[in-house]
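We use all heavy atoms of the structure for the numbers below, so side chains are in, but hydrogens, waters and symmetry mates are not. Since we're looking at a predicted model, the values are computed, not measured.
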Amino acid sequence: MVKHLITCDCLGTQTLDTEGLSRTTGLDVKRPCTALCTRQIDRAAAALQEGDAVFCCTQEARVFDALAEELGVPAPPVLDLRDRAGWTADQAPTLPKMSALVAEALLPAAPEKTLDVISEGLCLILGAPEVALPAAEHLSDYLAVTVLLPEGSEVPDTRAFDVITGRLRQARGALGQFEVVIDRLAQVDPGGRGGMGLTEPRDGGVSDCDVLLDLRGEPPLFPAHEKREGYLRADPGHAPSVAASLLAASHLVGTFEKPLYVRTEALLCAHSRAEQTGCSRCLDLCPTGAITPNGDHVTVDPMICAGCGACSAVCPSGAISYDAPPVDQTFRRVQTLAKAYLDAGGISPRLMVHDAHGGEMIRMAARHGRGLPADVIPLDLPVVGGFGHAEIVAALAAGFASVTLLPGPGADRVALSAQIDLAQAIGGRDRVQLLDTPDPDAMSDALYGETAPAPVAEPVRPLGTRRQITRQAARALHGETTLPLPDGAPYGAVVVDTDACTLCLSCVSLCPSGALGDNPDKPQLRFQEDACLQCGICATICPEDAISLQPQLDLSDSALRQEVLNEEEPFACVECGTLFGSKSAIDRITEKLSGHAMFQSPEKLRMLQMCDNCRVSAQALSQDNPFAGGERPRVRTTEDYLSKRRDH
């Protein structure tokens with residue numbers, strides 16, 4: 001457990017209130033050092049030997065790690081207070097912000113989940129001979145290289161690497177498990193005198209490899225190719241990029257740890273039911289194609305998943321959730337930052353969510369510019385795309401006056417914009433913004449120029465699923481009201497045209513979340529809005545086109561109860577009086593079949609108005625029972641055989 005906080009004012013360039021930090025964090029915070037990484041390295045050594053300390057300097061983490069190794073003690077955890085809070089042009093006190101950053105850093109980290117990927121160095125190079133063959137010569141000392149040349153290319157007189165010719169039809173997979181299909185495949189026939197010959201070409205040749213080096217200069221083989229591990233692509237006319245790809249390929253041998261970015265719960269997935277497609281939000285957004293349909297749910301290929309987080313942000317049911325870090329830990333970090341800031345005497349904090357690129361912008365702005373305002377608290381995440389509308393609304397309800405997302409170069413702007421639109425509809429347009437700039441000074445200017453509204457008067461920190469937290473947080477912001485939402489939102493109502501609805505209840509049987517229900521005692525269609533995922537299966541399956549979706553967020557208690565959308569008077573069996581079906585449905589069926597050839601007699605029409613048991617009984621007793629057989633043959637006895645013998 002951490003007991004000590006080792007601080008440094010970095011040659012007197014920042015002000016540290018160590019007594020205040022000790023009071024707000026509950027840690028032992030001694031007077032700050034001035035040059036902890038150089039002249040006062042002895043204080044760092046003493047703190048390492050004492051143990052249970054956090055060093056408030058990430059810039060010189062390498063120095064502290066080396067010192068710990070020399071002393072034979074574990075490397076210390078490090079925390080950046082200087083760039084994120086200390087170096088700022090803001091004259092406001094920084095103690096609340098530093099207290100929040102310390103409290104968040106002390107939260108236990110979730111264990112990282114990984115999958116071992118083995119690459120044996122089998123490399124397939126694609127490209128024209130003038131580029132692919134020199135590349136193969138460079139890589140042949142490090143990898144087992146095969147070059148795929150276009151059909152008709154001249155084959156070199158070398159066996160330092162394998163050469164084939166043909167036309168690439170298909171490629172799939174990722175590092176350590178690529179599979180390619182090649183048409184007109186011809187391999188080198190090494191026998192004979194003279195130049196190398198080739199075998200007869202054949203279609204559909206399948207080959208496996210660990211690394212794909214694409215030097216064709218054509219469109220990439222995969223969507224979001226830069227996120228496909230093991231697939232290296234370079235412009236064949238640009239020598240530096242080719243050299244960089246060769247260097248990268250030479251290092252792709254061995255066992256690698258592939259992070260498992262998402263967690264799936266197939267039973268919660270609302271993708272389809274009975275071959276009727278419903279929710280496809282994650283499928284529509286996945287940039288790498290890692291998510292594919294698999295029956296009534298979807299499946300995620302962990303080898304292709306690049307961990308952008310968009311699927312977790314849009315999933316309405318929690319069937320897919322980000323797991324690196326887990327969603328609940330992100331909520332806990334947000335709530336801890338807000339609570340610690342407010343407990344330390346701060347007012348109206350603002351949250352800025354960023355990734356590694358944003359972290360570098362913060363460091364540059366702090367060293368060379370105005371830094372961050374004292375009330376802007378940075379939250380560093382592996383990907384900004386995983387911070388969706390639920391996390392944003394939860395941050396506003398926890399006490400943040402506004403939330404700003406600072407995406408890096410690889411972030412999916414389309415997915416982010418959709419989540420921000422939804423968060424603005426729930427939390428308020430003046431409270432949520434996307435700050436899309438690569439300029440550290442522009443970032444600082446935007447934050448210093450922002451005028452955020454007052455935060456919620458009574459902060460809440462709800463627990464539960466993303467849907468539950470969104471609802472509770474929105475209710476803390478707005479009270480019991482109904483918020484209109486943009487199309488495609490995962491919250492809303494089902495609107496039923498009662499004139500068209502026949503209460504066939506097909507929608508009830510296929511609803512994946514149980515939002516639609518029936519009443520076993522009478523013809524009734526019930527609906528619980530809080531459970532509705534707006535997947536659209538009910539609207540698709542309705543034979544009368546009587547169902548439509550209305551995106552909204554009802555924050556009243558009625559959304560938690562089953563409400564009746566449509567009901568009718570039940571029909572009483574004309575034989576026994578048992579209630580079954582609806583009166584309008586039975587009357588409509590009777591009217592439609594009254595002119596049918598099979599229902600000409602009153603007895604036949606009357607059967608339509610009977611319950612199941614009475615109908616079976618009536619059918620069995622009728623003279624033209626289709627299930628009745630003819631007259632049964634007489635059983636032959638011994639006397640029959642004897643009499644036959646006497647006759648002869």
Practice prompt. Please report the closest heavy-atom contact between L434 and S417, naming both atoms and the distance.
Written response: CD2-OG, 4.4 Å
Practice prompt. Please examine the side chains of P490 and Q534, heavy atoms only from C-beta on, and report whether any two atoms are closer than 4.5 Å.
Written response: no
Discussion item. When you measure from the side chain of R172 to the backbone of E179, do you find a donor-acceptor pair of N or O atoms at a distance under 3.5 Å?
Written reply: no
Practice prompt. Run the salt-bridge test on D612 and R615 with the 4.0 Å N-O cut-off and return the result as yes or no.
Written response: yes
Worksheet entry | Verdict with reasoning, E529 to Q552, per side-chain contact (heavy atoms from CB on, under 4.5 Å) | CA-CA 10 Å; E529 183 167 330; Q552 63 181 31; 3.0 Å; yes
Item to complete: For a side-chain hydrogen bond (donor to acceptor under 3.5 Å, both in side chains) with E391, tell me which candidate from Q419, R333, R466 qualifies.
Response: R466
Worksheet item: Do the charged groups of E567 and R526 touch, with an N to O distance under 4.0 Å?
Response: no
Worksheet item: Does R413 reach the main-chain N or O of A411 with its side chain, forming a donor-acceptor pair under 3.5 Å?
Response: yes
Worksheet entry | Set of side-chain contact (heavy atoms from CB on, under 4.5 Å) partners for C308, sequence neighbours left out | K227, P287, A310
Discussion item. Less than 4.5 Å apart, side chain to side chain, heavy atoms only: is that true for L122 and D208?
Written reply: no
Worksheet item: Between I291 and C311, what is the shortest heavy-atom contact and its length?
Response: CD1-CB, 3.8 Å
Worksheet item: Is a side-chain donor or acceptor of R228 paired with a backbone partner of A306 at a separation under 3.5 angstrom?
Response: no
Worksheet item: Could you state the interatomic distance from CD1 (I304) to OG1 (T292), rounded to the nearest 0.5 Å?
Response: 8.0 Å
Worksheet entry | Exercise: identify the closest heavy-atom pair between T330 and P325 | OG1-CG, 4.0 Å
Worksheet item: Can you find a pair of side-chain heavy atoms, one from V456 and one from L396, that are under 4.5 Å apart?
Response: no
Fill in: Residue pair L549 / V494, side-chain heavy-atom distance below 4.5 Å
yes
Worksheet entry | Point-to-point distance, once rounded to the nearest 0.5 Å, from CG of L485 to CG of D421 | 11.5 Å
Fill in: Test item: V298 and C282 side chains (from C-beta on) under 4.5 Å apart, heavy atoms
yes
Practice prompt. Mind checking the NZ-CG spacing from K258 to D116? Nearest 0.5 Å is all I need.
Written response: 13.0 Å
Fill in: Inter-residue atom distance F387.CZ - L405.CG, 0.5 Å rounding
6.5 Å
Worksheet entry | Donor-acceptor pair, side chain of Y322 and main chain of G307, under 3.5 angstrom | yes
Worksheet item: Side chain of Y231, backbone of L221: donor and acceptor closer than 3.5 Å?
Response: yes
Fill in: Exercise: identify the closest heavy-atom pair between I118 and D210
O-OD1, 4.2 Å
Item to complete: Please report the closest heavy-atom contact between P512 and R273, naming both atoms and the distance.
Response: CB-NH2, 3.3 Å
Discussion item. I need the minimum non-hydrogen distance between L260 and L115, along with the two atoms involved.
Written reply: CD2-CB, 3.9 Å
Practice prompt. Measure the shortest side-chain to side-chain distance between S272 and P293 over non-hydrogen atoms and say whether it is less than 4.5 angstrom.
Written response: no
Worksheet entry | Expected output: side-chain H478 to main-chain I426 donor-acceptor under 3.5 Å | yes
Discussion item. Heavy-atom count check: over 12 atoms from other residues, nucleotides or ligands less than 6.0 Å from E257 CD?
Written reply: no
Worksheet item: So, the side chain of R281 versus the backbone of A313: is there a donor-acceptor pair under 3.5 Å, distance only?
Response: no
Practice prompt. Might you confirm whether atom CG of D557 has over 12 heavy atoms from other residues, nucleotides or ligands at distances under 6.0 Å?
Written response: yes
Item to complete: Could you walk me through whether L124 and S207 pass side-chain contact (heavy atoms from CB on, under 4.5 Å), step by step?
Response: CA-CA 9 Å; L124 177 63; S207 179; 5.9 Å; no
Fill in: Approximate separation, where rounding is to 0.5 Å, of T404 OG1 and L379 CG
12.0 Å
Worksheet item: Is the side chain of D203 donor-acceptor paired with the backbone N or O of R184 at a distance under 3.5 Å, no angle test?
Response: yes
Discussion item. Between S402 and P453 (side chain of the first, backbone of the second, donor and acceptor by atom type, cut-off under 3.5 Å), is there such a pair?
Written reply: no
Worksheet item: H271 side chain to D296 main-chain N or O, any donor-acceptor pair under 3.5 Å?
Response: no
Worksheet item: So with a 6.0 Å cut-off around CD of E226, is the heavy-atom count from everything else above 12?
Response: yes
Fill in: 4.5 Å side-chain heavy-atom contact, Q472 and V460
no
Discussion item. Apply side-chain contact (heavy atoms from CB on, under 4.5 Å) to residues T540 and T277 and explain how you reach the verdict.
Written reply: CA-CA 8 Å; T540 302; T277 301; over 6 Å; no
Worksheet item: Looking at side-chain heavy atoms only, is the closest gap between R431 and F400 below 4.5 Å?
Response: no
Worksheet item: Roughly how far, to the nearest 0.5 Å, is the CZ atom of R475 from the OG1 atom of T470?
Response: 14.5 Å
Item to complete: Mind running side-chain contact (heavy atoms from CB on, under 4.5 Å) on L267 and E265 for me, showing each step along the way?
Response: CA-CA 6 Å; L267 293 177; E265 293 286 348; 5.8 Å; no
